[in-house]
Protein chains: 2
Amino acid sequence: MAPAARRRITVPGLRGSDRAVPAATVARLPLYLRALVALEDGGVPKVSSDQLAAHAGVTSAKLRKDLSFLGSYGRRGVGYDVAGLRASIEDEMGLTRDLPVLIVGVGNLGHALANYGGLSGRGFRVVGLVDSAEPLIGTTVAGVRIRPVTELEMLVSQHPGCIGVVAVPAMAAKEVTDRLVRAGVRSILTFAPVTLDVPSGVHVRKVDLAVELQILAYHERARTEAVAG
Amino acid sequence: MAPAARRRITVPGLRGSDRAVPAATVARLPLYLRALVALEDGGVPKVSSDQLAAHAGVTSAKLRKDLSFLGSYGRRGVGYDVAGLRASIEDEMGLTRDLPVLIVGVGNLGHALANYGGLSGRGFRVVGLVDSAEPLIGTTVAGVRIRPVTELEMLVSQHPGCIGVVAVPAMAAKEVTDRLVRAGVRSILTFAPVTLDVPSGVHVRKVDLAVELQILAYHERARTEAVAG
DNA sequence: TAGATTGTTAATCGATTAACAATC
DNA sequence: TAGATTGTTAATCGATTAACAATC
């Protein structure tokens with residue numbers, strides 16, 4: 001009988017899905033990536049888990065556990081190769097080629113995002129800005145011309161796999177989200193303080209400034225009452 | 001004459017500290033609060049955990065567990081009193097009187113926050129805007145005059161217990177944070193993509209737009225590769 | 001009472017942490 | 001070899017979920 005041909009334990013063609021990276025780890029990989037980029041820019045070739053963890057603001061045990069999900073990229077007794085680990089994380093995160101980003105709503109927030117230096121050059125490219133306000137149409141922000149919302153669907157089809165950013169007032173957020181989803185967008189970042197219902201398979205991340213402040217308020221209250229107690 | 005409307009079942013003088021509310025619950029209370037405000041504005045007097053959970057985008061089991069940490073504010077077979085539960089959460093979160101907010105850095109992001117309607121009227125009041133750019137000094141945003149950064153310490157001392165918002169470029173974030181902490185601020189919201197070291201007892205919440213996009217990129221990559229397989 | 005819904009329990013799941021054998 | 005540091009294990013901790021007795 002034939003010897004078992006070298007069998008991978010993983011399902012062919014499903015690379016990545018075999019060793020599911022925990023959500024908490026995925027959320028920290030960008031922090032490590034940023035620290036690594038800074039070290040590389042500073043000409044540092046090697047780094048230990050202790051050093052890298054300090055840069056990223058986590059414990060070294062957590063860092064090593066996180067990196068272990070990507071594979072073994074360190075050398076015992078030595079540490080990690082800065083450039084190599086950086087490339088590994090970029091690869092794992094899907095940042096090897098620029099990801100198109102479409103920003104809906106060019107108020108102060110949309111403006112801030114379009115101008116954010118941390119986007120271009122870090123794996124993202126703003127490919128579209130749309131707004132519903134007449135006076136804005138045709139003007140440019142960060143080198144990109146603002147288009148009417150009616151062109152949203154066209155822009156999405158021109159940039160398959162793009163990330164949609166919802167930076168419109170709360171009132172308009174549901175409709176914009178529905179349109180993005182219908183047009184084929186499956187990754188959405190929203191700043192609107194409303195609950196968005198999307199089909200399963202669509203990823204939504206929500207950044208809510210009021211919520212962040214309210215969480216801080218909770219701790220501030222706890223402190224004040226402890227003193228007044 | 002006012003009858004004692006509210007009784008406390010908790011240990012006197014230890015209110016709050018005896019039943020530590022889990023961090024995950026604290027982060028969700030603002031979502032419930034927002035849903036309750038919307039219901040109240042709509043004239044809805046009662047709500048079940050199923051309904052409220054749907055509004056907030058969580059499961060009803062999770063909602064009931066979360067609320068159980070605040071005490072028993074529902075009635076079996078009936079549901080929750082919308083106004084009453086709203087007041088309880090606001091009380092628990094420390095939103096009964098306006099919390100002063102000091103925004104450092106009035107670029108697009110600081111601008112967006114200062115103009116954000118969800119702040120005033122929801123427990124917060126922007127009491128100061130500071131920036132280092134000469135041309136901005138003296139101009140007003142959302143009715144607040146922009147002051148030079150040199151007045152940061154004075155503003156903090158005028159508003160004890162205020163929340164500091166760091167909306168300056170990454171380069172300046174560390175120094176601004178140190179100054180806020182030295183001046184006595186113990187709650188900080190930062191948008192700068194850098195690791196901030198603060199003394200224990202100081203709460204920092206970090207909102208990082210690039211990190212959010214990178215997390216979405218990870219899922220987008222996973223999908224693309226599954227298809228390309 | 002009969003139906004509805006909470007508050008709580010117990011099981012499960014996922015994340016963190018400390019420690020150390022493996023190994024450079 | 002001796003010292004350093006990773007990768008992994010096992011224990012702990014915290015969060016989620018399902019189910020249902022309590023009770024309105």
Side-chain angles (χ1 to χ4, degrees), chain A residues 9 17-32 35-36 39 44-86 88-89 92 200 215 218-219, chain B residues 9-10 18-32 35-36 39 44-86 88-89 92 200 215 218-219:
Chain A
I9 308 162
S17 62
D18 52 327
R19 43 152 191 244
V21 180
T25 296
V26 171
R28 278 188 298 263
L29 290 180
L31 304 182
Y32 307 151
L36 287 164
L39 288 168
V44 180
K46 301 261 176 218
V47 70
S48 71
S49 61
D50 264 348
Q51 296 168 323
L52 184 53
H55 274 271
V58 301
T59 64
S60 66
K62 197 183 272 182
L63 170 77
R64 289 199 301 278
K65 191 94 177 67
D66 284 339
L67 294 185
S68 76
F69 291 107
L70 309 195
S72 297
Y73 293 113
R75 286 183 66 196
R76 292 167 198 244
V78 179
Y80 299 87
D81 178 70
V82 170
L85 184 55
R86 175 199 167 167
S88 298
I89 294 181
E92 181 74 25
S200 74
I215 293 170
Y218 173 84
H219 296 295
Chain B
I9 309 157
T10 55
D18 51 331
R19 45 149 191 246
V21 180
T25 297
V26 171
R28 279 187 298 263
L29 290 180
L31 303 182
Y32 307 150
L36 287 165
L39 288 168
V44 179
K46 301 263 176 215
V47 69
S48 71
S49 62
D50 264 348
Q51 295 168 323
L52 184 54
H55 274 271
V58 302
T59 65
S60 66
K62 196 184 269 181
L63 171 77
R64 290 200 301 278
K65 192 94 177 67
D66 283 340
L67 295 185
S68 76
F69 291 106
L70 311 194
S72 296
Y73 293 113
R75 286 183 67 196
R76 292 165 198 245
V78 180
Y80 299 88
D81 176 71
V82 170
L85 184 55
R86 176 199 168 168
S88 298
I89 295 180
E92 181 73 27
S200 72
I215 293 170
Y218 173 85
H219 296 294

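We name chains A, B, ... by the order of the sequence lines, and we start the count at 1 in each one.
You'll find the side chain of A:Asp50 stays beyond 4.5 Å of the side chain of A:Leu63, heavy atoms only. With a 4.5 Å cut-off on side-chain heavy atoms, B:Lys46 and B:Val82 do not count as touching. Between B:Ser48 and B:Tyr80, the closest side-chain pair of non-hydrogen atoms is not below 4.5 Å.
Atom CG in B:Leu63 sits roughly 15 Å away from atom C1' in D:dA15 (whole-Å rounding). In this structure, A:Lys62 places its NZ atom 12 Å from C1' of D:dC13, rounding to the nearest Å.
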### Query
Given A:Arg64 and A:Leu67, is the side-chain contact (heavy atoms from CB on, under 4.5 Å) satisfied, shown in steps?
CA-CA 5 Å; A:Arg64 289 199 301 278; A:Leu67 294 185; 5.9 Å; no

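Side chain to side chain, A:Asp66 and A:Tyr32 meet the donor-acceptor criterion of an N or O pair below 3.5 Å.
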### Watson-Crick or G-U pairs under 3.5 Å in DNA chain D, rendered as dot-bracket with [ ] for crossing pairs and | for another strand
..||||||||||||||||||||||

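Of the inter-residue distances, the one linking B:Asp81 atom CG with B:Arg86 atom CZ reads 12.0 Å to the nearest 0.5 angstrom. With values rounded to the nearest 0.5 angstrom, A:Thr25 atom OG1 is found 9.5 Å from A:Lys62 atom NZ.
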## Note on the structure
Each nucleotide of nucleotides 3-11 of chain C classed B (base within 4.0 Å of a protein heavy atom), S (only sugar-phosphate) or -, in 5' to 3' order, makes -BBBBBB--

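For A:Leu36 against A:Leu85, the heavy-atom pair with the smallest separation is CD1-CG, 3.7 Å.
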